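Just so you know, residue 1 is the first one in the sequence shown, and it goes up from there. What you see below is based on every heavy atom in this structure, not just the backbone, and it leaves out hydrogens, waters and symmetry mates. Worth saying up front: this structure is predicted, and the values here are computed from it rather than measured.
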Amino acid sequence: SSSPPGPVSLSPLQLANKARTEKEEKLSQAYAISAGVSLEGQQLFQTIHKTIKDCKWQEKNIVVMEEVVIAPPYQVENCKGKEGSALSHVRKIVEKHFRDVESQKVMQRSQAQQTQKETSLAS
């Protein structure tokens with residue numbers, strides 16, 4: 001019968017860093033919206049940013065590690081930069097992002113169809 005661990009204490013520096021990071025992410029998102037970036041572009045930016053923090057908006061383009069530029073419509077073939085590991089890594093992230101988005105759509109469609117079947121059976 002041991003007591004649960006106490007609350008984790010965060011230093012003021014850790015809290016300040018977390019607040020600054022969240023503020024930067026919100027400003028980046030607000031910029032993308034105001035620049036008229038598509039929802040797909042915003043989602044891709046967020047996906048890349050989870051893996052590679054060094055990414056930013058340059059007008060409607062996503063710039064990753066100052067080496068790779070992804071222009072609308074943000075597909076794999078829109079990834080431009082010097083051939084090398086950075087470009088191939090970013091392309092893999094973009095490919096996986098769109099595969100994941102597509103599989104989510106498929107799952108949502110099948111769930112909607114299942115719901116329709118259940119509704120028609122019930123009536």
Any chain of hydrophobic side-chain contacts (each under 4.5 Å) joining V68 to V76?
-> yes
Would you say V64 and L27 are hydrophobically clustered, going by side-chain heavy atoms of ILVMFWY under 4.5 Å?
-> no
Show the atom names and distances, to 0.1 Å, of all donor-acceptor pairs under 3.5 Å that link a side chain in residues 34-44 to residues at least two apart or in another chain.
unit_1	atom_1	unit_2	atom_2	d
S34	OG	A30	O	3.4
S34	OG	Y31	O	2.9
S38	OG	G41	N	3.1
Q42	NE2	V37	O	2.9

Supply the members, apart from V69, of the Ile/Leu/Val/Met/Phe/Trp/Tyr cluster built from side-chain contacts under 4.5 Å; use none for a lone residue.
-> V63
Listed partners of K80 passing salt bridge (Lys or Arg N to Asp or Glu O under 4.0 Å), at least two apart = none
For the atom pair OG1 (T119) and CD (Q114), what is the distance rounded to the nearest 0.5 Å?
-> 10.0 Å
Considering only Ile, Leu, Val, Met, Phe, Trp and Tyr, and joining two whenever side-chain heavy atoms are under 4.5 Å apart, list the other residues clustered with V106.
-> none
Could you give the side-chain donor-acceptor pairs of residues 11-19 under 3.5 Å, partners two or more places apart or in another chain?
unit_1	atom_1	unit_2	atom_2	d
S11	OG	L13	N	3.4
S11	OG	Q14	N	3.0
Q14	OE1	S11	N	2.8
N17	OD1	R20	NH1	2.9
K18	NZ	E22	OE2	3.0

Locate the shortest heavy-atom distance separating W57 from S28; write the atom from each residue and the value.
-> CD1-OG, 3.2 Å
Rounded distance [0.5 Å steps], CD1 in I48 versus NZ in K96 = 13.0 Å
The reported gap from CD in Q111 to CD in Q104 (rounded to nearest 0.5 angstrom) is 10.5 Å
side-chain contact (heavy atoms from CB on, under 4.5 Å) partners for Q46, two or more places apart | Q29
State, yes or no, whether a side-chain contact exists between C79 and Y74 at a heavy-atom distance under 4.5 Å.
-> no
Sorted by chain and number, sequence neighbours left out, salt bridge (Lys or Arg N to Asp or Glu O under 4.0 Å) with D54 holds for none
Those residues that, when tested against T51, pass side-chain contact (heavy atoms from CB on, under 4.5 Å) (two or more places apart) | H89, I93
Residue pairs fulfilling side chain to side chain donor-acceptor pair (under 3.5 Å) with at least one residue in residues 60-71, sequence neighbours excluded = K56-E66
Residue pairs passing the salt bridge (Lys or Arg N to Asp or Glu O under 4.0 Å) test with at least one member in residues 105-115, sequence neighbours excluded, are E102-R109
Report yes if some heavy atom in the side chain of P73 is under 4.5 Å from a heavy atom in the side chain of N78; otherwise report no.
-> yes
Decide if atom CD of E59 counts as having more than 12 heavy atoms of other residues, nucleotides or ligands within a radius under 6.0 Å.
-> no
side-chain contact (heavy atoms from CB on, under 4.5 Å) involving E83 - partner list, sequence neighbours excluded | L87, R91
Taking only residues two or more places apart in sequence or in another chain, which ones pass salt bridge (Lys or Arg N to Asp or Glu O under 4.0 Å) with R99?
-> none
Take I52 and V90 through the side chain to side chain contact (heavy atoms under 4.5 Å, CB included) test and state the conclusion after the steps.
-> CA-CA 9 Å; I52 304 171; V90 171; 4.3 Å; yes
